[in-house]
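Report on the following structure.
In this text the structure is predicted, and so the values were computed from the model without any measurement. All chains are named by letter (A, B, ...) in the order of the sequence lines, taking the proteins before the strands, and each is independently numbered beginning at 1. Because only heavy atoms are used, hydrogens play no part in the values below, and waters and symmetry mates are left out as well, while side chains stay in.
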2 protein chains.
Amino acid sequence: MNDDVRTINAVETAFDIVEYLKESDGAGVTELATELDLAKSTVHSHLATLYSNGYVTRDGDTFHVALRFFNLGNYAREQSSLYQVGRKKVDELAEETGEKVYILAEEHGRGMHLYIATGKRSVQTYARTGQLSYLHQLAAGKAILAHLPDERIDEIIDRYGLPARTEATITDPDELWTELEEIRERGFAQNREESIPGLHAVGVPITDEDGVAVGSLSLSAPAKRLRGERFDEEVPRLLLGIANEIEINMAYV
Amino acid sequence: MNDDVRTINAVETAFDIVEYLKESDGAGVTELATELDLAKSTVHSHLATLYSNGYVTRDGDTFHVALRFFNLGNYAREQSSLYQVGRKKVDELAEETGEKVYILAEEHGRGMHLYIATGKRSVQTYARTGQLSYLHQLAAGKAILAHLPDERIDEIIDRYGLPARTEATITDPDELWTELEEIRERGFAQNREESIPGLHAVGVPITDEDGVAVGSLSLSAPAKRLRGERFDEEVPRLLLGIANEIEINMAYV
DNA sequence: CTTAGTTGTTTTGGAGAGCCGAACGGCCGC
DNA sequence: GCGGCCGTTCGGCTCTCCAAAACAACTAAG
């Protein structure tokens with residue numbers, strides 16, 4: 001599929017509207033028209049279409065993303081073998097370590113938090129199920145990036161750039177490449193306050209039969225609890241073992 | 001918003017494609033074109049649009065619903081105050097009774113399983129989070145129907161009909177109306193194997209300040225365990241109490 | 001190696017539809 | 001009652017989405 005095939009404008013507009021409704025927690029016709037630079041009547045027909053098909057709801061003059069999307073979204077998650085297989089393992093791991101453990105799936109060059117298990121000691125982070133993140137900002141994301149073909153890595157950097165989230169976030173492509181090299185060599189990725197101040201994390205890739213990453217497994221904890229040998233050896237070894245189990249199980253789904 | 005306003009064809013086609021991909025667990029261009037009665041080139045451009053925006057993925061020649069929808073869908077769920085407030089209560093109730101307890105939300109005349117908590121003794125039903133069901137087939141659904149304005153009930157029956165799921169499903173409008181009258185009087189609904197053979201359920205409405213249902217709370221169990229006084233009084237009283245707590249909490253969100 | 005039958009992809013042109021702009025009607029608050 | 005919001009409606013120009021057919025790539029059969 002070529003990149004410059006003709007796409008359908010009306011469909012993109014419709015999704016732009018839905019995404020804007022999500023970002024703004026609901027909006028009206030006029031706001032949408034000015035923000036998305038469309039005629040009010042255009043927005044109106046789009047909303048009428050989305051409404052009559054059940055994809056948006058309205059509350060007075062503001063429109064919202066409808067639960068109908070949850071129907072589609074939950075289906076997509078349950079279809080994924082990564083979720084089917086990984087969920088149980090992640091629960092066990094969170095129970096065992098007491099920390100926050102999660103699965104990230106790669107899709108279109110970004111990372112989606114497929115499932116999050118919180119252990120007894122885990123801190124309140126703002127990671128949420130269903131969240132879409134940039135890969136370079138996360139241990140789990142870097143673990144994925146390192147196990148993608150080189151040309152895809154370039155593509156992803158080109159497409160999304162390397163936006164910062166904390167002062168420690170890697171924003172330089174060359175720096176990222178050397179980091180990815182290291183990750184390939186030792187087999188796991190680390191995150192040192194690159195996405196949340198005070199938080200460390202370890203991420204390991206989950207790959208298909210060709211060694212290409214389809215997702216990753218990750219554990220995060222306060223920097224003071226995840227350091228030294230536990231950070232560099234213990235937790236990585238634990239995660240690598242589980243990731244391997246997941247890979248094996250996925251092959252037989 | 002009038003029913004005969006102009007809707008945008010291309011947008012409806014795009015969603016038809018996505019819904020078909022869901023129903024069929026993935027499909028190719030030709031299959032979509034024949035099933036949806038469209039030209040192959042039309043399907044192709046739609047898929048190209050959806051793909052380049054990240055709403056479908058492809059695996060060889062078959063296209064699938066992408067996780068991107070999970071991002072939107074999970075957002076929609078977490079926005080809902082019914083979910084925010086009800087989740088904890090439902091967990092507690094499932095723990096306490098050992099049975100399966102769930103929250104149903106009403107949207108566009110159908111019921112969406114917002115959250116399901118399974119107790120220790122609960123049976124494996126095929127109810128899943130995110131599932132879209134007909135209201136008349138469920139205790140939770142009938143509880144909602146009974147607490148909607150009469151004209152909306154007529155609308156819903158007109159729009160979706162009363163499809164059967166078991167031999168006990170109510171398929172006659174008059175019968176449904178008398179049942180709804182009873183539910184209004186006693187305040188709760190019962191399901192006697194109307195959706196799954198061998199399964200009983202109790203459902204109570206969750207209403208807004210005007211007494212109109214926005215969702216419902218429900219408990220299901222094997223018919224042999226949910227009968228007699230427990231079915232007719234104990235469980236209904238328990239659910240009504242919790243539903244009331246949820247309503248009060250929702251008013252302050 | 002050829003052939004027949006799959007796929008998905010690309011290309012055309014024209015009809016039809018989406019988009020815009022402007023006018024409308026309802027609602028609230030100054 | 002009047003201005004300034006809101007969403008809704010309508011007519012029409014223009015752009016674009018749709019359809020049909022030819023194309024390319026791949027598989028299976030002989």
Check the phosphate of [N] against [X], side-chain N and O only, distance under 4.0 Å to OP1 or OP2. Yes or no?
{"X": "A:Arg58", "N": "D:dT8", "value": "yes"}
{"X": "B:His46", "N": "D:dC18", "value": "yes"}
{"X": "B:Ser45", "N": "D:dC17", "value": "no"}
{"X": "A:His44", "N": "D:dG7", "value": "no"}

How close or far is atom [atom2] of [N] from atom [atom1] of [X], stated in whole angstroms?
{"X": "B:Asn9", "N": "D:dC15", "atom1": "CG", "atom2": "P", "result": "21 Å"}
{"X": "B:Leu47", "N": "D:dC18", "atom1": "CG", "atom2": "P", "result": "12 Å"}
{"X": "A:Asp61", "N": "C:dC27", "atom1": "CG", "atom2": "C1'", "result": "9 Å"}
{"X": "B:Lys40", "N": "C:dT9", "atom1": "NZ", "atom2": "P", "result": "10 Å"}
{"X": "A:Phe63", "N": "D:dC6", "atom1": "CZ", "atom2": "P", "result": "13 Å"}
{"X": "A:Asp16", "N": "C:dC19", "atom1": "CG", "atom2": "P", "result": "11 Å"}
{"X": "A:Leu32", "N": "C:dC19", "atom1": "CG", "atom2": "P", "result": "14 Å"}
{"X": "B:Ile8", "N": "C:dG16", "atom1": "CD1", "atom2": "P", "result": "19 Å"}

Open item on the list: Both conditions, 6.0 Å and 45 degrees, for the charged tip of A:Arg165 above the ring of A:Tyr134: are they met here?
Closed with: no
Open item on the list: Can you tell me how far apart CD (B:Glu106) and CD1 (B:Ile156) are? Round to the nearest 0.5 Å.
Closed with: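 Spacing of CD (B:Glu106) from CD1 (B:Ile156) equals 5.5 Å.
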- [ ] Look at the side chain of A:Ser41 and the base of C:dA22, then say whether one donor and one acceptor between them are separated by less than 3.5 Å.
- [x]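 Checked by distance alone, the answer is no.
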Open item on the list: If you assign A:Val29 and B:Ala39 each to the DNA chain D nucleotide with the nearest heavy atom, which residue ends up on the more 5' nucleotide?
Closed with: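 Nearer the 5' end of the strand: A:Val29.
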Task: Minimum-distance nucleotide (side-chain atoms of B:Thr42 versus D:dG7, C:dC20, D:dA19) - done: D:dA19
TODO: Might you point out which heavy atoms bring A:Gly109 and A:Leu135 nearest each other, and give the distance in Å?
DONE: O-CD1, 3.5 Å
TODO: Identify the two heavy atoms, one from A:Asp150 and one from A:Trp177, that lie closest to each other, and give their separation to 0.1 Å.
DONE: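 Nearest heavy atoms, A:Asp150 then A:Trp177: O-CH2, 3.7 Å.
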Open item on the list: Consider side-chain contact (heavy atoms from CB on, under 4.5 Å). Of A:Gln137, A:Glu182, A:His147, A:Glu179, which one does A:Lys142 pass it with?
Closed with: A:Glu179
